[in-house]
Visitor: 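Quick one: the structure is below, questions incoming.
A note on names: the letters A, B, ... follow the listed sequences, proteins ahead of strands, and every chain is numbered from 1. Heavy-atom basis, side chains included; hydrogens, waters and symmetry copies ignored.
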Number of protein chains: 2
Amino acid sequence: MARKTGSHSEITGPRVRAAALALFARHGFAAVSMRQIAAEVGVQAGALYLYTPDKQTLLFDLMRTHMDDVLTAWAATPKAPTPRARLDCFARFHIRFHLDRPEAVFVSYMELRNLDAANFATIEGLRRTYETELEAILQEGKASGAFSLSDTKLATLAFIAMLTGPTNWFREGGRLSRAEIEDIYAQMVLNAAGA
Amino acid sequence: MARKTGSHSEITGPRVRAAALALFARHGFAAVSMRQIAAEVGVQAGALYLYTPDKQTLLFDLMRTHMDDVLTAWAATPKAPTPRARLDCFARFHIRFHLDRPEAVFVSYMELRNLDAANFATIEGLRRTYETELEAILQEGKASGAFSLSDTKLATLAFIAMLTGPTNWFREGGRLSRAEIEDIYAQMVLNAAGA
DNA sequence: GTCTATACGATGATAGAC
DNA sequence: GTCTATCATCGTATAGAC
């Protein structure tokens, strides 16, 4: 198939998103200028508008992609047999997945307030879909007597907040490995659920 | 005592900080201009510089005040007799205190990256001091056998992340009261600690 | 203590050359 | 597909009148 001479769009597009993600994570959406992103990619500011209609949409696309990735990866995870095993599996999945993309996690959580109303509603919906996956596990476990939980909605929010924490402080080569963190957090979640 | 005619500094200073806190919480530090803060207070932008040397210091003062307030309030809380009672007490204190000032909590957590190096170090030190209060409780409980915890440092971070969560979603008049949320979270923390 | 006026650089986004 | 040039606006911060 013929390729246009001098066209770099297939590579520049992803590089724009990668640079924006890294800069937004480090300095915050509002503090990063289109010129900074362009400089990081090695193009002029005007060229960015070949890849995004505006700065807001660039942020939204990063966040939607992240949420889609989480949901897709979780959907591809085999369903464990018991509520207890499913909760253990969810906790480990969440930590592992989020530890691998700290920048996307950070941006998706911190920059919600910089989305306009329509974009916010979309991201919020995806986030709720993910939370509902965990809440379903907790409800099953509560119903079967496997968990001792007074409020599955609150437990859902509490567990996700807890499990997302390591994303903010984990450093490769630190005191604990990913696997150790995964073990410790999974155990704390099972305990908190009264399993 | 004589008062200067036309002087409002005793009232305008706090109003500047209150407006800045509200706007920073809603839109983010970088997204808020000094002109917006001034408009909220009802003065011109230039007048703000009578109350703060610059925007960065305004943010820092808000955060330092918040951290000082947390530490002071916790220090004034009576020390419960057992590790289990102390953990219960800490969990309830943390939720109650943070639920009463969601804007300060939000800003103090989200805007850390907008502090310059020296200011960041100061706030970070205060935050660690607070975390150490919780970790000491967990260590005592682990040593006495009251808690079953594999890593007190991780548990400290996990519990604080969990207990701060309600600040982000609690609304007066919602499904659950403050007291109910306090009860449920305290119970989950005690469970997670293996108490 | 607050105002008006202003310095001066940076911002997001667009137009048109190549 | 990318560049240069440009627009109108807004950013923080300061100076000096009152």
Visitor: Do the two ring centres, one from B:His94 and one from B:Tyr130, sit under 6.0 Å apart?
Guide: yes
Visitor: Regarding B:Asn191 and B:Gln187, is there a side-chain donor-to-acceptor distance under 3.5 Å anywhere?
Guide: yes
Visitor: For the pair made of CG in B:Leu59 and P in D:dT12, what is the distance, rounded to whole Å?
Guide: 13 Å
Visitor: Is a donor on one side and an acceptor on the other found under 3.5 Å between the side chain of A:Lys55 and the backbone of A:Phe29?
Guide: yes
Visitor: Starting at CD of B:Gln44 and ending at P of C:dT6, how long is that distance when rounded to a whole Å?
Guide: 14 Å
Visitor: Take the protein atom CD of A:Gln56 and the nucleotide atom P of C:dT11, then report the distance between them rounded to whole Å.
Guide: 18 Å
Visitor: For D:dG1, take OP1 and OP2 only and decide whether either is under 4.0 Å from a side-chain N or O of A:Thr12.
Guide: no
Visitor: Take atom CZ in B:Arg92; do more than 12 heavy atoms of anything else shown fall under 6.0 Å from it?
Guide: yes
Visitor: Is there a residue in residues 24-37 of chain A whose heavy atoms reach under 4.0 Å of DNA chain C, and which residues are they?
Guide: A:Val32, A:Ser33, A:Met34, A:Arg35
Visitor: Nearest whole Å is fine: how far is D:dA13 P from B:Leu58 CG?
Guide: 10 Å
Visitor: Could you tell me how far apart B:Arg15 (CZ) and C:dG1 (P) are, to the nearest whole angstrom?
Guide: 15 Å
Visitor: For A:Tyr49 and D:dT6, what is the distance between atoms OH and C1' respectively, to the nearest whole Å?
Guide: 14 Å
Visitor: Report yes or no: is the cationic atom of A:Arg101 (NZ for Lys, CZ for Arg) closer than 6.0 Å to the six-membered ring centre of A:Phe97, at no more than 45° off its axis?
Guide: yes
Visitor: From the options C:dC3, D:dT12, C:dG1, select the nucleotide whose nearest atom is closest to the side chain of B:Val43.
Guide: C:dC3
Visitor: Between D:dA13, C:dG12, D:dC3, which nucleotide gets closest to the side-chain atoms of B:Asp54?
Guide: D:dA13
Visitor: Can you tell me if A:Thr156 and A:Glu131 form a side-chain donor-acceptor pair at under 3.5 Å?
Guide: no
Visitor: Which whole-number value in Å describes the distance from B:Leu48 CG to D:dT14 C1'?
Guide: 13 Å
Visitor: Over how many whole Å does the gap from B:Ile11 atom CD1 to C:dG1 atom C1' extend?
Guide: 14 Å
Visitor: Got A:Met110 and B:Arg113 here, is their nearest side-chain heavy-atom distance under 4.5 Å?
Guide: yes
